[in-house]
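Worksheet: one structure, shown below.
Convention: sequence-line order gives letters A, B, ...; per-chain numbering from 1.
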Amino acid sequence: MNSELHFTEKDLRPFYEQQIKLEKLVIDQDVLPDEIKYIAGVDVAYNDDSGEMIGAIVVIDFSTKEIVEEAFHEMQITFPYVPGLFSFREIPAIIEAFKKLKIKPDLIICDGHGIAHPKRVGMATHLGITLDIPSIGCAKKRLIGTWDKDRLHSERGSVEPLILDGEKIGAVLRTQKNVKPVFVSIGHKISLETAYAITLEMCKKYRLPETTRAADQLVNKLMKEKLENDKMA
DNA sequence: GCGACAG
DNA sequence: ATCTTGTCGC
């Protein structure tokens with residue numbers, strides 16, 4: 001069953017309006033616990049054939065990098081993929097997964113942008129404000145903005161500001177030597193400097209944060225299992 | 001009008 | 001996002 005999601009420009013308007021309200025609530029400074037103990041990663045896997053999605057959140061101990069809790073939620077896809085409105089597609093399943101957690105994280109790293117977004121309300125910002133938890137956007141690809149590619153060196157830890165119309169909206173960060181950089185921006189209740197320092201700390205071994213990797217692996221495993229079960233029944 | 005465009 | 005194995009390089 002290919003349950004199509006038809007959204008016209010008019011249908012999308014209220015969501016753009018909601019972004020304008022959310023943008024006013026962003027806090028671009030550190031409002032963090034004295035010591036970060038738990039840090040979470042989130043991700044969603046989709047099955048367009050069945051029209052279902054699985055959202056997951058994985059909580060990791062910030063000092064040991066070990067997974068301390070996982071939660072997930074399966075539900076119908078309610079929103080199409082529209083660049084700029086990505087959070088409305090992704091967030092519902094993540095919120096439900098979050099509710100199932102016993103251990104609430106001090107900070108969430110999202111697989112997508114924070115304020116490095118046309119309306120300054122990307123996935124990380126939307127989620128951070130909704131849950132009232134500090135959040136970081138760490139995306140694999142640029143959405144908006146430019147950076148000086150010549151000044152971004154190939155060494156791990158090299159960082160350049162992501163600029164749009166003269167405004168610094170994020171950081172382009174090389175998390176490993178000779179790999180493509182990631183795009184870090186603040187989500188909510190954090191400063192850009194803290195955001196990319198923590199991101200780098202979570203990328204000791206790989207290009208992407210351990211949080212993102214853990215959430216990604218979990219949803220992909222769950223989706224694979226689900227597809228096999230559906231085939232049986 | 002023509003691209004660009006998180007996952 | 002997803003379709004997809006081996007393989008070149010550090």
Hydrophobic clusters here meaning ILVMFWY residues chained together by side-chain heavy-atom distances under 4.5 Å, can you tell me if A/Met223 and A/Val58 are in one?
yes

Heavy atoms under 4.0 Å, any strand shown: does A/Lys177 hit a base, just sugar-phosphate, or nothing?
nothing

Length of the OH-P vector between A/Tyr46 and C/dA1, whole Å:
11 Å

Just how far, in rounded Å, is P of B/dG7 from NE2 of A/His113?
6 Å

I need the CZ-P distance between A/Arg89 and C/dA1, as an integer number of Å.
12 Å

Looking at B/dA6, B/dG7, C/dT2, which one has an atom nearest to any side-chain atom of A/Asn220?
C/dT2

Can you tell me how far the CD1 atom of A/Ile186 sits from the CD1 atom of A/Ile115, to the nearest 0.5 Å?
4.0 Å

Expressed as a whole number of angstroms, how long is the span from A/Glu90:CD to C/dT2:P?
10 Å

How many Å lie between CG on A/Leu143 and C1' on B/dA4, as a whole number?
10 Å

To the nearest angstrom, how far is A/Asp111 atom CG from B/dG7 atom P?
6 Å

Please list every stem that involves DNA chain C, where a stem is a run of 3 or more consecutive Watson-Crick or G-U wobble pairs with both pairing distances under 3.5 Å.
none

N or O in side chain of A/Lys140 less than 4.0 angstrom from B/dA6 OP1/OP2:
no

For a quick check of understanding: with a heavy-atom distance under 4.0 Å over all strands, which category does A/Leu85 fall into, base, sugar-phosphate or nothing?
base

Have a look at A/Pro209 and tell me which of A/Asp111, A/Val184, A/Thr199, A/Thr175 forms a side chain to side chain contact (heavy atoms under 4.5 Å, CB included) with it.
A/Thr199

Test: A/Lys37 and A/Asp61 ion pair at under 4.0 Å
yes

Given that A/Met223 and A/Asn178 both sit by DNA chain C, which one's nearest nucleotide is further toward the 5' end?
A/Met223

B/dG7 base stacked by A/Tyr81? Criteria: ring centres under 5.5 Å, plane angle under 30°.
yes

Over all strands shown, is A/Gly84 touching base, sugar-phosphate only, or nothing at heavy-atom distances under 4.0 angstrom?
base

Spacing of A/Leu127 atom CG and A/Ile133 atom CD1 [to the nearest 0.5 Å]:
8.0 Å

Value in whole Å for how far the P atom of C/dA1 lies from CD of A/Gln217
13 Å

Could you check whether A/Lys65 pairs with A/Glu201 (Lys NZ or Arg NE/NH1/NH2 to Asp/Glu carboxylate O, under 4.0 Å)?
yes

Strictly below 4.0 Å, N to O, side chains only: are A/Glu23 and A/Arg120 in salt-bridge contact?
no

Less than 4.0 angstrom between a side-chain N/O of A/Arg142 and OP1 or OP2 of B/dC5, yes or no?
yes

Would you kindly give the NZ-to-P distance between A/Lys224 and C/dT2, to the nearest whole Å?
13 Å

